[in-house]
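Along the sequence shown, residues are numbered consecutively beginning with 1.
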Amino acid sequence: MTQTTHPAPEVTPPVRVPPPKTLSRPRPGGAAAAAAAAALLFAAVWAFVDLRINVATLADSAANAADFLSRTLPLDFPEPGELMVLCRQTLAIVICSTLLSVLVSIPIAVLAARNTTPHRSARLGARALIVVARAVPDVVLAIMFFRVFGLGGLAGVLAMGLHSVGMVGKMYADAIEQIDEGPRTAVRASGAGRLQELVSGVLPQVMPSFIANALHRFDINLRISVVLGFVGVDGLGYAIAAAFRKLDYPRAMALALVVLVLCVVAELISGAIRRALLPHADRAARGAQPRRRATVAAKRTWVSTPMPTRPDTTDSMPSSAKRISPPWDARRWRRSLYAAVTTAVVLASLWGAGLSAGQFFGGLGNIPETVGLFWPPDTGGILPTLLADLWVTVKIALAATLIGAVLALPIGAMAARNVAPSPAVARTFRMVIVLIRGLPELVLAIVFVIITGLGPVAGALALGVGAIGLLGKLVADSLEEVDHGVEQALRATGASGGQVFCSATLPQAAPAFVGHVLYQLDVNIRAATLLGIVGAGGIGFQLLNASRVLEFGVVTTIVGLVFATVMLIELVALWLRRVVS
């Protein structure tokens, strides 16, 4: 008997599985963005060194600081009646300018938003209008409007209001693009027109964001009003400028302290309102339970009232289920009270700002003549000087952004409730940030000019201190809005607070931090232009001189140079933010 033999089965060699990669593949865009960010960092450090901002400079200025304090104290406050008039004028102009920016920004934002614009060309045109409004300094607008409408609060309202469209319009357009399209689609399916879609499907979703951004712009305009006072806008800024021109430091610093108090109060009130309108940030920071709160909120709102599934069951439903309008509960009464108070404040501001329809329509006829004064552009034979001063302005902005970024990160981290060692520490640093944000950069620049002397050092220090306030707030908000699940997972492994911050919190907030720094650089370039009018270095001094000697062609050239610089920074920042996010 023959035994059948079977061939031995083939042994498949083991497949070598490559180890999992822990780093993503480098992308050309990411490498270019990293190189650009490194170049900006190197330029900022070089500007900081080149401007000679160091301990020796500050030590040499210590004697000037002591002399300034001796000539400032005691402070000289105006009489209560005079002080109330100045505060009323300032607040009225700021409220009217913020209202104007909101009214102009809403239709522009609808055209600029990708999901509501009727045509791509309309979107590009609206976006270009927003960029132009942001790039033209409000001081230049104030100079133009003084020529058109004469002295008074109208020029200040138009200058601040139209310049604010650059920020408010952009924020509104971004808010519209981030809405939930479900309600809008439902309204469209019912046969509603485009206007009804906007009113019923878009506006209710973006209204809290609209109000919050308007309040944020109000804070900014309150500080800008001090700058416009140096070119003739009534209010506290004009009184501060007059006091500095007479070297009356006790009166000037007393009025600056009043502005600081107003800014802090406005910041606290607007912050409370923003938290009430946009509670998601606080909820994320406290690690609350969104689902439970959403359920509670749904039970409180009339929209969630169950509707009948069959028409014949309508009569059998309770009266509360048939309601098609919101009930007059405590929330509705509170909202109505807020609306009534807001209306009263706006009407009082229109009267307090001294606005006149006759002044406005009468000045419209002067526009062609005034525009003709600013055209064509002229260098005045000082183009090399203008370019050199523009370069100084850029160096001031770079150095100030570096100062703000280095100091804002630890301060903002201590102000974040999920990072600070205790709630008391977080509240303390939040208050420090609020106090710094309340300091107008122009007043800081004047103080540093007196202490360190005329030149870019004063401008860089003033903007650097101001940047700590804005960047510190943005850093704290970004750290509080990270995913807390990652932090809790790492903390469950026994990691310490520092390890959780470095491995979970900071990596999540890093892209937002890069975006905030680039935004601060953009803001600082425009602000450095304005600080030059008080001798803090840069091209702003040439801008003020040209307007004083009525060389408006040179003013147009300076505005064009600043516009080109801001646009270049804007494009670089936009590209970097897109790559990083």
Side-chain angles (χ1 to χ4, degrees), residues 40 43-58 60-61 64-65 68 135 137-140 220 223-224 226-231 237 240-241 244 252-253 256 259 385-408 436-437 439-471 517 519-547 558-559 561-562 565-566 569:
L40 282 176
V45 173
W46 174 81
F48 185 86
V49 176
D50 188 65
L51 293 178
R52 298 183 180 180
I53 304 173
N54 48 47
V55 178
T57 301
L58 299 178
D60 293 340
S61 305
N64 295 334
F68 173 70
D138 36 24
V139 169
V140 175
I220 297 174
R223 287 185 282 274
I224 289 178
V226 178
V227 180
L228 297 189
F230 280 74
V231 294
I240 292 174
F244 274 117
M253 296 310 297
V259 175
T385 303
L386 296 180
L387 293 176
D389 287 343
L390 180 63
W391 178 234
V392 172
T393 299
V394 174
K395 287 197 298 184
I396 292 173
L398 286 170
T401 305
L402 179 65
I403 296 172
V406 170
L407 298 179
I436 295 176
R437 278 174 51 78
L439 293 171
E441 286 87 354
L442 193 72
V443 175
L444 283 174
I446 294 173
V447 172
F448 281 118
V449 163
I450 297 172
I451 295 175
T452 64
L454 296 171
V457 174
L461 292 176
L463 288 180
V465 173
I468 296 172
L470 179 57
L471 271 181
V517 171
Y519 171 72
Q520 186 66 57
L521 176 62
D522 183 22
V523 171
N524 281 347
I525 287 181
R526 289 193 293 269
T529 303
L530 302 181
L531 296 189
I533 67 177
V534 295
I539 203 169
F541 183 70
Q542 301 291 347
L543 178 67
L544 185 63
N545 279 346
S547 64
I558 294 174
V559 171
L561 292 173
V562 173
T565 305
V566 170
I569 297 296

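Residues satisfying the side chain to side chain contact (heavy atoms under 4.5 Å, CB included) test with Val523, not counting sequence neighbours, are Tyr519, Gln520, Arg526. Legend: residues meeting side chain to side chain contact (heavy atoms under 4.5 Å, CB included) with Ile468, ordered by chain and number and at least two apart, are Leu407, Ile411, Ile436. Remark: Asn545 engages Phe541 in a side chain to side chain contact (heavy atoms under 4.5 Å, CB included) (not counting sequence neighbours).
Here the closest heavy-atom approach between residue Leu386 and residue Ile539 is recorded as O-CD1, 3.7 Å. Contact between Leu444 and Gly466 at its shortest, heavy atoms only, is CD1-N, 4.4 Å.
Atoms CG and OG1, on Leu390 and Thr385 in that order, are 12.5 Å from each other to the nearest 0.5 Å. Rounding to the nearest 0.5 angstrom, the gap separating the CG atom in Leu51 from the CG atom in Leu461 is 9.5 Å.
The shortest side-chain heavy-atom distance between Val562 and Thr393 does not fall under the 4.5 Å cut-off. Here the side chains of Val45 and Phe48 are not in contact, with every heavy-atom distance at 4.5 Å or above.
Judged as a salt bridge (Lys or Arg N to Asp or Glu O under 4.0 Å), not a single pair has a partner in residues 447-457 (not counting sequence neighbours). A salt bridge (Lys or Arg N to Asp or Glu O under 4.0 Å) check over residues 44-55, counting only residues at least two apart or in different chains, returns the pairs Asp50-Lys395.
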Would you list the atom pairs, donor with acceptor, under 3.5 Å between side chains in residues 396-406 and any protein atom, with sequence neighbours excluded?
| residue | atom | partner | partner atom | Å |
| --- | --- | --- | --- | --- |
| Thr401 | OG1 | Ala397 | O | 2.7 |
| Thr401 | OG1 | Asn524 | ND2 | 2.9 |

